[in-house]
There are 2 protein chains.
Amino acid sequence: MLRGDITKAIRDAVMTELAEVGYGRLSIEAVARRAGVGKTAIYRRWSNKLEMVLEIVSDVAGRSVPLPDTGSFAGDLQLLLMIVGKALQHRIASQIIPDLMAEASRNPQIAETLQKALRTHQQAVGDKLIGQAVARGELPAGTDPDLAVDLLLGPLYWRLAVARTPLPDDYLDKMIVAVTAALKAAN
Amino acid sequence: MLRGDITKAIRDAVMTELAEVGYGRLSIEAVARRAGVGKTAIYRRWSNKLEMVLEIVSDVAGRSVPLPDTGSFAGDLQLLLMIVGKALQHRIASQIIPDLMAEASRNPQIAETLQKALRTHQQAVGDKLIGQAVARGELPAGTDPDLAVDLLLGPLYWRLAVARTPLPDDYLDKMIVAVTAALKAAN
DNA sequence: CCAGGACGTAACGGTTGCGTTCCGCCGTTC
DNA sequence: GAACGGCGGAACGCAACCGTTACGTCCTGG
């Protein structure tokens, strides 16, 4: 039986290593070194680097995000942006996500895994959020969920993951106002 | 005297190779192979991989984008989004940019180079665009240029470079309406 | 108390890439 | 027509990493 503590150490090491050097330069040997583990322990669990990373990442990414339902669209939106903002400001996430996104454009398996994670619940969150708002009459009925998700997450992702500029205190509030107006206007 | 056609071949090869395998796995040998050139020709021009990539990329990124001034904010915005959208849909750009962005989080020199490129004219474009609109009275005077740039570029970048979803025909139009409303509301 | 198995270590041969060096070729320049 | 210099090609020693194997240790279950 494989030892759970070893598996955990390897998983942690992969995430850290992924954040530090990226997928392209990730090496099994470095993972083993960091985990304080023999290479054999890794090859006993996964057959190569891609399989290992996919399994570990999709496991982490698959942990479902609690869907907000605060009773009002503004509340839902604020909660969602705070959650996403928090996540994107975590060092590991902010390094790994853009890296894997870039890698996904070259590797269909990574792309599929990330798309699944993205579509499955991130966009589901958006759908639910928009659906609730439409049902409450806070947004027009024809609101395009795809466009809405872009308008919701795009600016925050851009600022935190691309431009890597810190968030001023009132930034999220302003953004909520702006995005709400955008969605109402987008019909 | 170094031969210009050789230099050009190397520059092209670097961009292509960068798009195909990313910075992390870029190798001088592969560049030389692709350019049909000896390694010596490369080392005669740059002393290592980082220096080579930085020089080439910042050269490409430094080519200034024509600042839109169509007379109206909606027109400026449409033009800007079309230009950016076009650029982000180019295969090479859409591969290289996210890749280098991810790499920038690990390499200060890359980060600085990209920040310079981003700040220098991409954000300048935003500033000018917002400034013109404010001067024309199309946007309130207190409009925050930083937030505005996020709201402008974030959704498009998210959709094209992150989610990698194609743009429906009327998407940009909808987005222009939405973003305009967002900026007016953001005061 | 013994067998099995997961473990770390070490080494294997093979590949890739680094940055450097030397060579012979060839087009310019004078 | 000779000197110069950039060129491609080949090889260098070195390092990292691949995926695999053999070995000896230790823990655990029966």
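So you know, we letter chains A, B, ... as the sequences are listed, proteins then strands, and number each from 1.
When atom types are taken as modelled, the side chain of B:Asp76 and the backbone of B:Leu129 share no donor-acceptor pair closer than 3.5 angstrom. Judged by distance alone, with hydrogens and angles left aside, the side-chain atoms of B:Asp170 form no donor-acceptor pair with the main-chain N or O of B:Asp173 at under 3.5 Å. One N or O on the side chain of A:Arg159 and one on the backbone of A:Pro166 form a donor-acceptor pair closer than 3.5 Å. The backbone N or O of B:Phe73 lies less than 3.5 Å from a partner atom in the side chain of B:Glu138, making a donor-acceptor pair.
A sub-4.0 Å separation between OP1 or OP2 of C:dC7 and a side-chain N or O of A:Arg44 is present.
Shown for residues 5-34 of chain A: residues whose heavy atoms fall under 4.0 angstrom of DNA chain C, namely A:Ile6.
Between B:Met52 and B:Val14 the shortest side-chain heavy-atom distance falls below 4.5 Å.
Between the CD1 atom of B:Ile42 and the P atom of C:dC18 there is a distance of 9 Å, rounded to whole Å. What separates CG of A:Leu50 from P of D:dC18 is a distance of 13 Å, to the nearest Å. At whole-Å resolution of the value, CD in A:Glu51 and C1' in D:dC18 are 16 Å apart. Atom CG in A:Leu2 sits about 12 Å away from atom P in C:dG5, given to the nearest Å. Spacing between atom NZ of A:Lys49 and atom P of D:dG19 amounts to 9 Å, rounded to whole angstrom units.
Paired with A:Leu100 under the rule side-chain contact (heavy atoms from CB on, under 4.5 Å), one option of A:Val57, A:Leu54, A:Thr113 passes, and it is A:Val57.
Across all strands shown, B:Thr40 has heavy atoms under 4.0 Å from base atoms, whether or not it also approaches the sugar-phosphate.
Comparing D:dT20, D:dG9, C:dG19 by their closest approach to the side chain of A:Lys39 singles out D:dT20. Of all nucleotides listed (C:dC7, D:dG9, C:dC18), C:dC18 comes nearest to the side chain of B:Tyr43.
The nearest heavy atom of DNA chain D to A:Arg3 and to B:Arg45 marks one nucleotide each, and the one closer to the 5' end goes with B:Arg45.
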